[in-house]
Number of protein chains: 2
Amino acid sequence: MADDGDEAAKRPVTIYDVARAAGVAPSTVSRAFARPGRVNADTAARIRQVAAELGYRANPMAQALSTSRTKMIALMISDVTNPFYSELIRGAQLAASEAEYTVLLADARESDVVERLSLERVLPAVEGIVIGSSRMSDSSLRVIAKQKPTIVLNRDVAGLPSVVTDNPRGVRRAVEHLGELGHQQITYVAGPEASWADGARWRALREAGHELELHTRRVGPVPPTVVGGRGVVEKLLDNLPTAVLAYNDLVAIGLMRGLAAAGIDVPRDVSVIGFDNIMAAELVTPGLTTVAAPLRTMGVTAVKNLQAIINGALHRSEAAFVLPTRLVQRESTARARR
Amino acid sequence: MADDGDEAAKRPVTIYDVARAAGVAPSTVSRAFARPGRVNADTAARIRQVAAELGYRANPMAQALSTSRTKMIALMISDVTNPFYSELIRGAQLAASEAEYTVLLADARESDVVERLSLERVLPAVEGIVIGSSRMSDSSLRVIAKQKPTIVLNRDVAGLPSVVTDNPRGVRRAVEHLGELGHQQITYVAGPEASWADGARWRALREAGHELELHTRRVGPVPPTVVGGRGVVEKLLDNLPTAVLAYNDLVAIGLMRGLAAAGIDVPRDVSVIGFDNIMAAELVTPGLTTVAAPLRTMGVTAVKNLQAIINGALHRSEAAFVLPTRLVQRESTARARR
DNA sequence: CAACTCGTGGCAACGGGTTGCCACTCCCCC
DNA sequence: GGGGGAGTGGCAACCCGTTGCCACGAGTTG
């Protein structure tokens with residue numbers, strides 16, 4: 001008998017219990033918490049007191065049901081295992097919990113089908129959605145956005161608010177950097193064609209190259225992973241570039257490993273620049289020069305603005321937030337070989 | 001006017017709408033979905049038909065309120081930015097969505113206070129909790145576990161079900177490996193003292209060292225990060241070991257970088273072994289030899305068992321699931337210098 | 001033919017808060 | 001003394017499914 005400390009999972013305390021114990025109506029208890037000022041200060045204090053003693057905790061489901069505010073937002077990302085998202089998730093969490101929101105993480109596992117399905121599943125439970133690097137079509141995204149406030153991340157969908165990095169400026173800085181090192185030609189290793197960032201980066205590269213009078217070339221697309229980067233090396237070998245801009249850090253790292261395996265030295269023979277500045281960029285040898293994205297800030301910005309939309313402070317279709325990038329110079333870039 | 005395509009955020013369709021359209025009672029609609037077989041097959045078919053036409057979607061909050069099954073579980077982890085969790089999260093997601101559950105990711109940000117607070121916040125909304133590498137005390141964990149089904153991960157709390165890796169065997173393999181390479185002494189770089197895994201690993205190391213007649217030593221504790229690992233190098237310099245076992249891969253990587261900076265070659269001068277086999281372990285140079293944990297499987301196992309508890313198929317206090325580890329040999333270990 | 005069982009659908013209460021509206025008390029002011 | 005208003009608290013409806021219980025008709029059984 002003494003063993004069974006379960007105490008019979010007693011039902012949680014409700015406002016009715018509190019009301020009875022405090023000698024007021026349930027509605028008054030409700031207001032004491034939800035509408036401070038609406039009830040007499042003394043009464044409210046007493047109610048809080050009693051509530052604390054009883055261990056009252058509002059039932060979020062009940063709250064959500066009557067107010068239709070679930071205090072939850074969804075964060076949909078294309079692949080949880082991609083380190084790109086680590087800091088971003090943290091930023092989102094930070095901003096969300098500051099507003100007392102909970103984030104519901106959904107993982108598309110690289111598949112637009114999974115993405116749509118999970119979205120469908122979580123949609124009714126959340127007040128808004130942040131969709132990172134979606135694999136879905138613009139029109140599917142608009143369908144979603146019609147149902148709940150939505151912000152897209154790392155993508156630009158006409159009519160939907162978005163948070164993106166300043167790819168043009170970032171690419172520009174990378175190109176300038178390579179130009180200063182004497183490179184005359186830059187090869188871009190492309191990522192997924194469905195990726196908006198990919199298009200933006202290649203376009204920016206072409207423009208910057210044009211202006212600064214550097215020749216540009218494009219290979220790929222490759223999967224946005226280490227393996228993808230490694231696989232492209234072979235295509236580079238017959239006409240070895242002196243400088244490569246890779247779709248993202250993972251591709252850049254894969255590329256560096258592939259080059260090393262082929263006996264080509266980075267940065268002496270080839271300079272490599274990535275995008276994102278994930279943690280691994282600092283850990284590899286040589287350290288990867290990369291166009292850093294403000295990962296955490298992206299998460300924070302997305303959630304804050306989503307909240308603004310939810311609260312009606314921002315119109316749904318407004319604004320693209322462009323966050324600054326910055327070139328982090330490490331050891332993967334050097335003077336062009338001659 | 002034409003601009004405003006909002007169509008006045010029409011309230012979602014409820015069972016009442018469906019009931020009216022199908023000419024039945026709301027309860028029948030409810031049963032058509034929740035209790036197939038309880039209503040006539042023809043009626044049910046018609047209801048489904050109508051529901052589909054109207055685009056009916058059950059309101060999860062209302063469902064949760066009356067059944068007190070929210071179809072959500074919480075996954076609490078000590079630090080989202082730690083790559084250790086990436087695959088684990090994916091595994092948890094996988095297992096959860098298979099059972100039509102949604103996972104609510106909570107991040108303790110390395111703080112037991114944040115951990116407790118987030119736990120409090122999500123507790124009422126979920127049916128169960130997986131707590132990874134908790135920073136909280138055993139007793140706090142038991143308090144939580146008393147309120148909702150709980151599984152701890154990477155930790156062993158008396159009376160609570162847990163999922164852990166087979167540290168003794170993993171350490172044993174690592175020690176054997178080092179022994180074969182001629183090392184006679186192994187230094188352990190300790191992680192957080194609050195970490196159960198840390199204790200388990202050090203203990204296992206001592207035992208294995210004793211059996212295999214290798215001398216063991218312990219330095220630290222250090223924060224379980226790259227910076228932490230890097231910082232410990234200085235303490236190692238006066239009495240440079242030939243072999244180091246680090247608390248986890250991040251520490252091992254930091255250590256390797258620190259050693260390299262001090263002009264010490266890994267693996268020629270010092271062999272290094274980590275734990276977990278995070279992605280970066282493969283990317284660094286030299287590649288890190290490590291005791292691999294079945295990251296994804298851990299996530300899956302934890303969630304599956306949590307579900308078993310929720311469904312009453314498993315008693316709360318039962319069982320510790322011990323998952324196998326395996327030694328991944330890369331380039332950070334070599335014959336002992338003489 | 002009475003008594004019973006099944007199959008099926010409806011009624012109404014319930015879960016736990018929220019909120020519009022009304023009632024009552026006090027106070028103030030003319 | 002009467003009208004007006006501010007401050008408080010309660011009543012009851014509502015959010016949207018779920019489910020215990022009952023009713024009704026059809027089919028079965030003795």
Side-chain angles (χ1 to χ4, degrees), chain A residues 9-51 54-72 100 121 123-127 147, chain B residues 9-51 54-72 100 121 123-127 147:
Chain A
K10 51 198 174 296
R11 340 186 301 359
V13 184
T14 73
I15 50 168
Y16 297 91
D17 302 324
V18 178
R20 201 173 327 112
V24 297
S27 51
T28 306
V29 177
S30 172
R31 282 194 278 253
F33 289 103
R35 261 334 109 129
R38 178 63 176 73
V39 320
N40 183 295
D42 295 348
T43 316
R46 187 159 43 88
I47 291 175
R48 281 174 191 290
Q49 165 77 13
V50 172
L54 264 48
Y56 166 72
R57 319 229 53 195
N59 178 330
M61 301 302 146
Q63 254 166 184
L65 184 57
S66 55
T67 60
S68 56
R69 308 210 70 179
T70 61
K71 291 292 206 171
M72 296 198 282
E100 308 230 277
R121 192 209 290 319
L123 208 57
V126 301
E127 291 180 44
Q147 305 177 55
Chain B
K10 52 202 171 297
R11 336 187 304 359
V13 185
T14 71
I15 51 168
Y16 296 91
D17 302 323
V18 177
R20 201 172 330 111
V24 296
S27 50
T28 306
V29 177
S30 171
R31 283 194 277 253
F33 289 102
R35 242 7 91 148
R38 177 63 177 73
V39 322
N40 183 294
D42 295 348
T43 316
R46 186 159 44 88
I47 291 175
R48 282 174 190 289
Q49 165 77 16
V50 173
L54 263 47
Y56 167 71
R57 320 227 56 193
N59 178 330
M61 301 303 145
Q63 250 164 187
L65 184 58
S66 53
T67 61
S68 57
R69 308 211 67 177
T70 62
K71 290 291 205 173
M72 296 197 282
E100 307 231 279
R121 193 212 289 319
L123 208 57
V126 300
E127 291 180 44
Q147 305 178 54

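Per chain, numbering begins at 1; letters A, B, ... match sequence-line order. All values reported here derive from a predicted model rather than from experimental measurement.
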With DNA chain C as reference, determine whether A:Ala34 or A:Arg38 sits nearer its 5' end, using the nearest nucleotide of each. A:Ala34

Side chain of B:Arg31, base of C:dG7: donor and acceptor closer than 3.5 Å? no

Between D:dT19, C:dT18, C:dG15, which nucleotide has the shortest distance from any of its atoms to the side chain of B:Arg35? D:dT19

Under 3.5 Å, is there any donor-acceptor pair linking the side chain of B:Ser27 to the base of C:dC11? yes

Identify which nucleotide among C:dG17, D:dC16, C:dT8 has an atom closest to any side-chain atom of B:Asn40, counting heavy atoms from C-beta outward. C:dT8

Distance, rounded to the nearest Å, where A:Arg69 contributes CZ and C:dT19 contributes C1': 15 Å

Indicate whether OP1 or OP2 belonging to C:dT18 is found under 4.0 Å from a side-chain N or O atom of A:Ser30. yes

Only one of B:Ile15, B:Asp17, B:Ile47 passes side-chain contact (heavy atoms from CB on, under 4.5 Å) with B:Tyr56, and that residue is B:Ile15

Start at the 5' end of DNA chain D and walk down; is the nucleotide closest to A:Val24 or to A:Tyr16 reached first? A:Val24

Whole angstrom value for the distance that separates P of D:dG9 from CZ of A:Arg46: 8 Å

Does C:dG9 have OP1 or OP2 sitting under 4.0 Å from an N or O in the side chain of B:Thr43? yes

Ignoring backbone atoms, test whether A:Gln63 places a side-chain nitrogen or oxygen under 4.0 Å from the OP1 or OP2 oxygen of C:dT18. yes

Rounded off to whole Å, could you give me the CZ-to-P distance for the B:Arg20 and C:dG9 pair? 19 Å

What is the nucleic acid contact for A:Tyr56, judged by heavy atoms within less than 4.0 Å: base, sugar-phosphate only, or nothing? sugar-phosphate

Where each residue is assigned the nucleotide of DNA chain C containing its nearest heavy atom, which of B:Val39 and A:Thr28 is assigned the position nearer the 5′ end? B:Val39

Rounded to the nearest Å, what distance is computed from the CZ atom of residue B:Arg57 to the C1' atom of nucleotide D:dC16? 15 Å

Which part of the nucleic acid, if any, lies within contact of A:Ala25, taking any heavy atom under 4.0 Å across all strands shown: a base, the sugar-phosphate backbone alone, or nothing? sugar-phosphate

